[in-house]
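Taking it in order: structure first as structure tokens, then the write-up.
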Amino acid sequence: MTNTNGNLLDVRDLRTYFDTEDGEVKAVDGISFQLKRGETLGIVGESGSGKSVTNLSIIRLIPEPPGRIVAGEVMFDGVNILSLQESEVRKIRGRRIAMIFQDPMTSLNPFMKISRQMMEVTQLHLGHTKNQAYEHAIKMLETVGIPEARARADNYPHEFSGGMRQRVMIAMALSCEPELLIADEPTTALDVTIQAQILELIKKLKHVTGTSVILITHDLGVVAGMTDHLIVMYAGKVFEQRVDVGIICAPR
């Protein structure tokens with residue numbers, strides 16, 4: 001089944017709640033938005049507004065319990081992800097939808113070489129042999145600007161700087177050429193110079209591959225030159241939606 005309305009992603013009235021000792025928390029409370037192929041959507045809001053939970057819900061990574069998706073639809077290319085079996089979601093997650101997680105310092109396994117962590121993705125989703133996966137990993141590290149990629153591929157995460165680890169996360173996310181890339185605050189804990197490099201890298205790779213992007217951040221300056229549309233979240237709801245983000249965010 002294919003999408004007939006031109007949207008790659010169509011989120012409708014998504015609601016994700018968590019059970020806590022203090023009662024039910026409505027982390028995402030009726031979110032709706034659309035994303036067309038090749039577009040970039042910015043999601044901004046203060047900490048705790050529901051940005052990350054929204055996108056973890058899209059790819060069904062909410063821990064159950066305490067969390068649960070209680071209502072809504074996530075239509076990806078015409079298929080409701082929330083209605084699929086977990087085995088079917090795994091075929092989409094990492095292959096057609098990839099995510100750059102928030103903290104590059106903790107998102108990589110410290111006990112595994114960089115090459116091994118990258119190889120797992122293409123061996124699982126693309127059926128690569130060990131040699132094919134290794135060569136593809138090196139190619140992707142070169143694509144994201146890791147110097148001496150072949151020599152560095154067998155290093156461990158602690159041997160990379162924060163900026164380099166973030167580049168590894170981007171390389172891993174793009175290894176299978178996903179149709180949708182979710183970047184959850186990809187510049188967190190990085191200095192200003194490295195932030196600019198990472199954002200420029202995402203923009204460049206998006207134009208090369210045609211991948212749609214959801215960029216989650218709390219920084220309006222980040223989305224100013226990156227996104228086509230903007231959603232402002234507050235208390236689990238869409239507080240405002242805007243287009244022509246570059247004009248809106250431009251200094252007066």
Side-chain angles (χ1 to χ4, degrees), residues 1-86 88-89 92-93 96-102 178-186 188 212-220 222-223 226-245 248-249:
M1 181 178 179
T2 58
N3 201 348
T4 57
N5 61 7
N7 295 324
L8 175 65
L9 181 69
D10 192 347
V11 177
R12 305 170 183 171
D13 196 33
L14 179 64
R15 299 174 188 269
T16 303
Y17 299 168
F18 288 84
D19 294 318
T20 72
E21 293 180 355
D22 298 321
E24 186 177 70
V25 174
K26 298 180 179 181
V28 174
D29 193 20
I31 295 292
S32 298
F33 62 86
Q34 295 80 38
L35 179 66
K36 296 185 182 298
R37 292 184 183 275
E39 288 187 337
T40 298
L41 170 70
I43 302 181
V44 300
E46 64 183 13
S47 297
S49 61
K51 306 185 301 295
S52 296
V53 174
T54 296
N55 289 280
L56 289 173
S57 299
I58 288 173
I59 56 177
R60 298 261 299 269
L61 283 180
I62 296 297
E64 299 182 16
R68 65 190 191 282
I69 300 172
V70 300
E73 294 182 327
V74 176
M75 305 300 296
F76 177 71
D77 198 21
V79 176
N80 184 10
I81 291 178
L82 301 187
S83 68
L84 298 178
Q85 297 292 324
E86 179 60 28
E88 296 175 302
V89 177
I92 296 174
R93 189 194 300 136
R96 299 183 66 192
I97 303 176
M99 187 166 184
I100 304 170
F101 292 95
Q102 190 166 359
E179 296 163 61
L180 173 60
L181 174 66
I182 301 173
D184 189 355
E185 300 197 28
T188 297
S212 301
V213 177
I214 296 178
L215 179 62
I216 308 168
T217 182
H218 58 266
D219 187 343
L220 283 173
V222 168
V223 300
M226 288 285 295
T227 62
D228 301 299
H229 308 290
L230 175 66
I231 288 176
V232 181
M233 288 189 64
Y234 180 76
K237 297 179 180 292
V238 173
F239 187 72
E240 191 171 2
Q241 295 195 44
R242 293 281 182 164
V243 295
D244 297 326
V245 177
I248 295 166
C249 298

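The figures here come from the full heavy-atom set of this structure, side chains too, leaving out hydrogens, waters and symmetry mates. We count residues from 1, following the sequence as given.
Note: Ile92 CD1 to Ile59 CD1 = 11.0 Å, rounded to the nearest 0.5 Å. How far CZ of Phe239 is from CD1 of Ile231: 14.0 Å, rounded to the nearest 0.5 Å. The distance from atom CG of Asn55 to atom CZ of Phe101, rounded to the nearest 0.5 Å, is 10.5 Å. Rounded to the nearest 0.5 angstrom, Ser57 OG and Ile81 CD1 are separated by 11.0 Å. Atom CD of Glu240 sits about 8.0 Å away from atom CG of Leu230, to the nearest 0.5 Å. Distance check: Ile97 CD1 to Leu8 CG gives 7.5 Å after rounding to the nearest 0.5 Å.
You'll find the side chain of Thr16 stays beyond 4.5 Å of the side chain of Ile31, heavy atoms only. Residues Leu41 and Phe33 form a side-chain contact, since some pair of their non-hydrogen atoms from C-beta on lies under 4.5 Å apart. Leu180 is listed as a side-chain neighbour of Ser212, based on a closest heavy-atom distance under 4.5 Å. Proximity of Val11 to Thr54: side-chain heavy atoms (C-beta onward) are nowhere separated by under 4.5 Å. Phe18 is listed as a side-chain neighbour of Ile62, based on a closest heavy-atom distance under 4.5 Å. When side chains are defined from C-beta on, Glu88 does not count as touching Val79, because their heavy atoms never get closer than 4.5 Å.
The side-chain contact (heavy atoms from CB on, under 4.5 Å) test applied to Glu21 returns no partner, not counting sequence neighbours. With sequence neighbours excluded, the residues that form a side-chain contact (heavy atoms from CB on, under 4.5 Å) with Lys237 are Asp29. In this view, Thr217 and Val44, Asp219, Val222, Val223 satisfy the side-chain contact (heavy atoms from CB on, under 4.5 Å) rule, not counting sequence neighbours.
Contact detail for Ile69 and Glu64: the closest heavy-atom pair is N-OE2, 4.4 Å. In plain terms, the two heavy atoms of Val28 and Tyr17 that are nearest each other are O-CE2, 3.6 Å. Nearest heavy-atom pair across Gln241 and Ser32 is NE2-O, 3.5 Å. Summarising the geometry of Gly236 relative to Met233, their closest heavy-atom pair is C-CE, 4.1 Å, with the distance given to 0.1 Å. Of all heavy-atom pairs spanning Ile214 and Leu35, the tightest one is CG1-CD2, 3.9 Å. Across all non-hydrogen atoms, the minimal contact from Ile216 to Pro186 is O-CD, 4.0 Å.
In this structure a side-chain-to-backbone donor-acceptor pair under 3.5 Å is present from Asn80 to Val74. For the pair Arg15 (side chain) and Ala71 (backbone), a donor-acceptor distance under 3.5 Å is absent. Using modelled atom types, one side-chain atom of Lys51 and one backbone atom of Gly45 make a donor-acceptor pair closer than 3.5 Å. Proximity of a side-chain donor or acceptor of Arg60 to a complementary backbone N or O of Leu84 within less than 3.5 Å is detected.
Salt bridge annotation for Asp228-Lys36: absent, with no cationic side-chain nitrogen under 4.0 angstrom from a carboxylate oxygen.
Summarising the local packing, CD of Glu86 is surrounded by more than 12 heavy atoms from other residues, nucleotides or ligands at distances under 6.0 Å.
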